[in-house]
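Have a look at the structure below, then the notes.
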Amino acid sequence: MTGKDGHGVAARQRRGVQVRGVVQGVGFRPFVYRLALEEGLGGFIGNDTDGVTMELEGTPLQVEAFLARLRAEAPPLARIDAVGVQPLEATGECEFRIVLSRVKGQVSTGIPADAATCEDCLRELLDPQDRRYRYPFLNCTNCGPRFTITRSIPYDRPQTSMAAFAMCAACQAEYDDPGSRRFHAQPNACRECGPRVWLESPEGVAMEAEGPVAETVERLLAGQVLAIKGIGGFHLSVDATNEAAVMRLRERKHRYGKPLAVMVRDVEAARELCVLSAEEEALLQTAARPIVLARARAGCGIAPVVAPGIPWLGVFLPYAPLQHLLFADARVQALVMTSANLSEEPIAIENEEARARLGSIADAFLMHDREILQRCDDSVAAVVEGAPQMVRRARGFVPLAVELPLEAPQLLAVGGHLKSVFALARGRWAFQSQHLGDLESATGLEFFKESLDHLMRTFEVEPQTVVHDLHPGYLSTAWAKGWAAERGLPLLAVQHHHAHVAGCMAEHGLEGPVIGLALDGTGYGTDGCVWGGEVLLCRLEGFERFAHLENVPMPGGEAAIREPWRMALGYLHAAGMDVTDERTRALVGASEREGQWMRRMMERSVNAPLTSSCGRLFDAVAAVVLRRRTVDYEAQAAIELEGLAVDEPDAPGYAMELAGGDGERREPLRLRTGGMWIELLEDVRAGVSGERVSARFHAGVADGFVRAAVRARAMTGATQVAMSGGCMHNRRLVRLLREGLKREGFEVYQHRNVSPGDGGLSYGQAAVAAAMLRGGS
Ligand SMILES: [Zn+2]
Ligand SMILES: [Zn+2]
């Protein structure tokens with residue numbers, strides 16, 4: 001179809017074009033403007049409800065060339081999900097213009113995620129001839145802070161913490177020029193008009209120094225602890241090659257075991273610290289710049305106390321100009337950059353807050369006067385079986401939406417307990433909050449409420465239903481009940497492991513039935529027990545418990561999570577051993593008194609809840625193999641057990657027995673571990689290496705669950721397996737499960753954009769709720 005040809009030249013046509021995806025606040029309009037000029041098109045572009053709308057007028061060849069280049073040359077931060085094209089009547093328009101107000105619709109597509117300094121800005125930062133030479137806040141439409149500096153929608157400068165800085169004439173000219181890389185770059189700034197940095201003492205006194213960045217470098221190299229204000233919060237930083245400095249930071253922060261993230265100059269430097277696959281290198285260099293968990297090289301020069309007891313290192317690259325400036329000094333090799341907080345409290349963001357909370361930790365503060373409006377920790381990711389997988393989804397990813405496989409009514413899913421993340425849903429989209437940490441910490445719940453208010457406004461979601469975990473004791477459950485009651489909203493409770501598996505299904509558009517493997521730490525079961533080693537037959541809207549690890553007592557309840565030796569005695573007791581026996585106690589270094597105490601709790605079923613948790617099984621084995629009595633951070637024992645076997649070849653697994661399932665009543669099958677423990681203890685007593693015991697244990701667990709999946713398929717015909725739960729961070733376990741399942745002919749699915757751990761729970765809850773509410777009941 002062509003337009004009118006009134007003048008005898010090539011027929012001009014007009015097309016309406018809608019682009020959906022991440023196309024606002026990422027330099028898309030100036031990109032289209034430039035493209036339209038180059039192709040000689042008339043028309044306009046403007047933002048609309050779900051993306052951008054444009055009208056183009058020119059010859060068919062010009063229009064075709066434009067549409068081909070639109071996808072091929074889109075700006076780095078843009079993500080085009082769909083392009084719709086309709087014919088329109090030609091009007092003779094030859095000029096192309098950018099429409100600054102929204103062309104139609106009320107609802108905004110929200111705020112972009114924060115993005116690392118782009119190559120062009122980095123070049124300017126280090127170019128002595130450039131007017132932004134060494135200016136720590138330069139940015140452009142292709143990079144810079146977004147989510148963390150924005151108070152509310154629309155994403156425009158007056159709504160950001162850049163509102164406090166009036167642009168100088170030079171910056172304003174760039175901002176107004178559609179041909180500039182800084183056209184409508186909301187945080188645009190320079191040394192004349194923008195934010196500034198300074199160094200101050202823990203007493204809050206500004207320090208006179210030649211240059212605050214140079215002085216910071218000197219202090220870091222001298223072994224001091226620096227608090228450095230970043231993009232989503234403050235970091236605490238020390239020289240990562242200086243053992244004494246890292247210990248000083250740990251002592252002041254009262255955090256001894258937890259691995260610390262290390263920032264290095266560039267990917268070459270990362271390669272010197274870690275053995276990196278192509279996928280890991282790509283992940284390190286994405287605009288989100290997550291911390292990537294990778295295999296550390298022996299003797300790489302990083303102080304051993306940075307990541308004690310494990311063969312991995314969390315590495316990441318500079319993502320803010322200020323960080324690049326620290327590394328511009330060639331003497332700076334690697335810096336510990338850890339969230340500035342105490343234990344599990346939210347990261348500090350305000351200058352006053354940092355002075356108050358970090359005064360006893362930091363020797364000096366590198367401050368700046370651009371306010372951080374949204375707290376956002378660094379994201380953590382890993383490459384698992386060749387593809388990136390989220391561990392902690394925060395800076396650089398939030399608030400990007402994750403698609404749901406079905407239409408959701410407006411709802412709020414509050415997630416879990418530790419590693420709290422909530423999700424808002426509307427239509428086909430779920431908006432997950434940043435990682436919020438432990439709700440029970442002093443300020444955790446405040447952070448949850450702040451972030452909820454902000455994201456409800458940003459995405460214009462007014463929840464009509466509130467979804468929570470089945471656990472009556474979760475703070476998030478109690479909070480959800482109160483919040484829903486105030487608003488007269490209905491509540492939906494979703495079982496923990498159902499939500500885990502549903503999240504994986506939803507990411508892959510699976511409706512079910514699938515065989516869900518939920519291997520996890522703890523989650524409240526429908527029978528009141530603590531679940532976590534589950535084979536579930538799942539649809540989005542419901543599930544049936546097909547099989548699980550056999551129940552064993554957790555002597556001392558929660559205390560058994562912090563003290564894995566208790567869990568080992570729980571397992572040995574369940575396997576029929578007398579845990580007061582000297583030989584048994586010696587396996588975990590328990591005293592006679594401790595053995596008697598544990599036995600009494602278990603025999604009387606007092607403070608010894610039953611659990612089928614896979615995480616606890618890993619803890620118990622780690623207590624025996626590594627003699628780890630207590631843990632400093634969640635899943636430490638299991639992570640160390642995995643790390644122990646990292647170079648060990650695969651070995652035959654300890655046998656797990658699949659029992660039950662043949663009676664009249666359809667009881668779940670049980671994966672029994674008694675035989676496994678007998679074989680494992682024989683190996684330990686025979687002096688078999690811990691590496692090999694760990695390898696055999698991993699193989700046994702994987703094999704047990706693969707056999708359970710085969711039984712589930714035989715009974716139901718389901719051939720798809722969705723894997724979820726915190727244990728899916730264990731790469732060896734995931735590899736063995738995948739290999740085993742594929743050998744048996746299953747289709748295997750893993751999480752990608754959403755964490756398999758409790759950080760992904762709210763997305764799964766949203767998917768379950770959307771399915772349950774389908775049909776407008
Ligand atoms: Zn840039
Ligand atoms: Zn300026």
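We use all heavy atoms of the structure for the numbers below, so side chains are in, but hydrogens, waters and symmetry mates are not. All ligand and atom numbering here is 1-based and tracks the order in the structure.
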What pair of heavy atoms forms the shortest contact from H454 to T150, and how long is it? NE2-O, 3.1 Å

State yes or no: are the ring centers of F397 and H435 separated by less than 6.0 Å? no

If the plane angle is over 60° it's perpendicular, under 30° parallel, otherwise tilted; pick one for F431 and F459. parallel

By residue and atom, what protein N/O/S atoms are less than 2.8 Å from the Zn ion (ligand 2)? C168 SG, C171 SG, C190 SG, C193 SG

Rounded to 10 degrees, the angle SG of C121 makes with SG of C140 at the Zn ion (ligand 1): 110°

May I ask you to decide if the ring planes of Y175 and H184 are parallel, tilted or perpendicular, using 30° and 60° as cut-offs? parallel

Taking every non-hydrogen atom, the tightest pair across H729 and V391: CE1-CA, 3.8 Å

cation_pi(R370, F137) dist<6.0 Å, angle<=45: no

